[in-house]
Structure formats: C-alpha cells, structure tokens
Amino acid sequence: MTDLEELDAAIRRVPDFPKPGILFYDITGVFVRPDVFRCCIDRMEALCRGAQIDGIAGVEARGFLFAAPLAERLGLPLVLIRKKGKLPGETVSCTYALEYGTAEVEAHKADIMSGKRYLVVDDLIATGGTLAAARSILEQGGAAVSGFLGVVGLPALRYEELLAPAPVSTLITYDGE
C-alpha cells in the first residue's frame, strides 16, 4: 500500500455524527499508527519547503497535533487557535458557522506577530468556516495568512471559495462520500 492509502485506511468514517446527516471523518486512527502520523508530518513539511511563512497557527484540538510537530520541524513559532474561554489574558476572537451549528475561537493577542505571514493548520477542512475564523483572528492581530493546510479536505463543501485568495492544501481529499 502507498502511504496515502495507509492514511486513508487509518481514517474512520462515522455516519450521523455529531448529528444525523453528517459523515464524520475521524482522524484519531492516524495517531495509533506512528508510521502514518510520521508520513503526515513528513508530507506537510515537504509542502512547506520554500513557502513564505513566518509562523504556524494550529486550530483546536486535532489541528494542534499536526501543527505542533510541523512548527518544530520548520523552526517556526506556533499560535494556538482555541475554543472561546480557554485562554487567560487578552485575546482576539471570531464567531463562525459550522455545518452543524456555531462556534467561537480565539488566540492570545500577544502571540500573534504583526506583519508576519502564517500557515493555518487543521486536521480536516470541510466548509472552511473554522479556518476563515482563524484568518480573521490573525488579521485582527495585524498578521496575514499565506495559506491553509489540512490532512483531509472535503472540496465538495466548497471551502476554497471561502478561503480564497489564500491557497488550500490537503494530504487527502474525499468527494461526495
């Protein structure tokens, strides 16, 4: 099997979660397979080579698990995009719509480097709402987003339209499942 086939096999599909009609892609199977997890970070690192980025922003919670090792490998600072109410101190925040409700995320204002370019990393890109909120937070802090990176992409949900003009990259995509 190729490494992408191994990645695909590690991702569980859970119908009707968190509510009826939603097909949930559970990436937790990646973490019990060190070879698959390593492959993900290796591929992410390769996609970032030569990119004009000054930092990584990781989206809670599973996005942290990919963003942290990527930031460490690239020698870049990591900004955590957290659920509302999880950070002490002054924050910048954004409320956004999910495919099954609404949510709010925030980051420490002091962690965002004004004038710098960030790559936003998450585990799965569906509608792009969470990543658009992360971009808003970084822009409120005076930074820019140079791109978005996910393990899984669901392009049928048209995330690229919401996230344009920044490029979106994923390791694997699922259409119409």
Side-chain angles (χ1 to χ4, degrees), residues 7 10-12 14 17-18 24-48 51 53-96 98-113 116-141 143-154 159 163 166-172:
L7 173 58
I11 298 170
R12 293 184 279 269
V14 183
F17 184 82
F24 186 80
Y25 293 89
D26 180 11
I27 58 91
T28 60
V30 168
F31 303 111
V32 297
R33 299 270 316 271
D35 58 324
V36 174
F37 181 52
R38 186 178 312 104
C39 172
C40 286
I41 303 306
D42 289 346
R43 284 183 168 266
M44 289 177 146
E45 181 183 16
L47 287 170
C48 292
I53 54 176
D54 304 302
I56 302 290
V59 178
E60 187 167 342
R62 293 173 306 271
F64 293 172
L65 299 171
F66 296 98
L70 179 62
E72 187 279 328
R73 280 195 187 180
L74 297 172
L76 295 173
L78 173 64
V79 172
L80 301 180
I81 308 294
R82 304 260 353 235
K83 293 176 184 171
K84 182 75 174 170
K86 300 285 185 180
L87 294 171
E90 187 178 359
T91 62
V92 288
S93 66
C94 182
T95 301
Y96 63 100
L98 296 165
E99 57 272 22
Y100 47 82
T102 61
E104 187 171 1
V105 290
E106 63 186 359
H108 276 129
K109 187 174 183 179
D111 292 348
I112 301 168
M113 300 178 298
K116 300 298 183 178
R117 299 162 302 213
Y118 286 86
L119 175 69
V120 181
V121 176
D122 205 355
D123 66 322
L124 181 132
I125 306 174
T127 64
T130 308
L131 298 180
R135 174 173 51 202
S136 174
I137 288 168
L138 292 165
E139 289 174 348
Q140 288 176 60
V145 170
S146 62
F148 300 94
L149 178 57
V151 176
V152 175
L154 306 177
Y159 54 76
L163 300 175
V168 180
S169 300
T170 61
L171 303 184
I172 193 166

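Computed from a predicted structure; not experimentally measured.
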For [X] versus [Y], what's the shortest heavy-atom pair and its separation?
X	Y	result
Pro34	Val32	CD-O, 3.4 Å
Val36	Ala10	CG1-CB, 4.2 Å
Ile125	Leu149	CD1-C, 4.2 Å
Gly58	Leu78	N-CD1, 3.8 Å
Lys116	Asp54	CA-OD2, 3.5 Å
Ala133	Val105	CB-CG2, 3.9 Å

Note, [X] side chain near [Y] side chain (heavy atom, < 4.5 Å):
X	Y	answer
Leu7	Cys39	no
Ile11	Ile172	yes
Leu70	Glu45	yes
Asp122	Ile81	no
Val79	Met113	no
Val168	Tyr159	yes
Tyr96	Ser136	no

task = Please test Lys84 against Glu106 for salt bridge (charged side-chain N to carboxylate O under 4.0 Å, His left out), starting from the C-alpha separation and ending with a verdict.
result = CA-CA 6 Å; Lys84 182 75 174 170; Glu106 63 186 359; 3.5 Å; yes

What's the spacing between [X] [atom1] and [Y] [atom2] if we round to 0.5 Å?
X	Y	atom1	atom2	value
Leu65	Cys40	CG	SG	11.0 Å
Glu60	Lys86	CD	NZ	6.5 Å
Cys48	Leu76	SG	CG	8.0 Å
Ile53	Leu119	CD1	CG	5.0 Å
Gln140	Cys94	CD	SG	6.5 Å
Met44	Leu74	CE	CG	11.0 Å

- Task: Quick one: sort the Phe17 and Phe24 rings into parallel, tilted or perpendicular, breaks at 30° and 60°.
- Result: perpendicular

query: If you measure only the distance, is there a donor-acceptor pair under 3.5 Å linking the side chains of Arg12 and Thr28?
result: yes

**Report entry** Steps toward side chain to side chain contact (heavy atoms under 4.5 Å, CB included) verdict (Leu80, His108)
**Finding:** CA-CA 8 Å; Leu80 301 180; His108 276 129; over 6 Å; no

query: Could you go step by step and tell me if Arg135 and Tyr118 meet the side chain to side chain contact (heavy atoms under 4.5 Å, CB included) rule?
result: CA-CA 9 Å; Arg135 174 173 51 202; Tyr118 286 86; over 6 Å; no

Which of Thr130, Asp26, Leu154 passes side-chain contact (heavy atoms from CB on, under 4.5 Å) with Leu124? Answer is Leu154

Query - Test log, rule side chain to side chain contact (heavy atoms under 4.5 Å, CB included), inputs Glu139 and Val145 - result: CA-CA 8 Å; Glu139 289 174 348; Val145 170; 5.5 Å; no

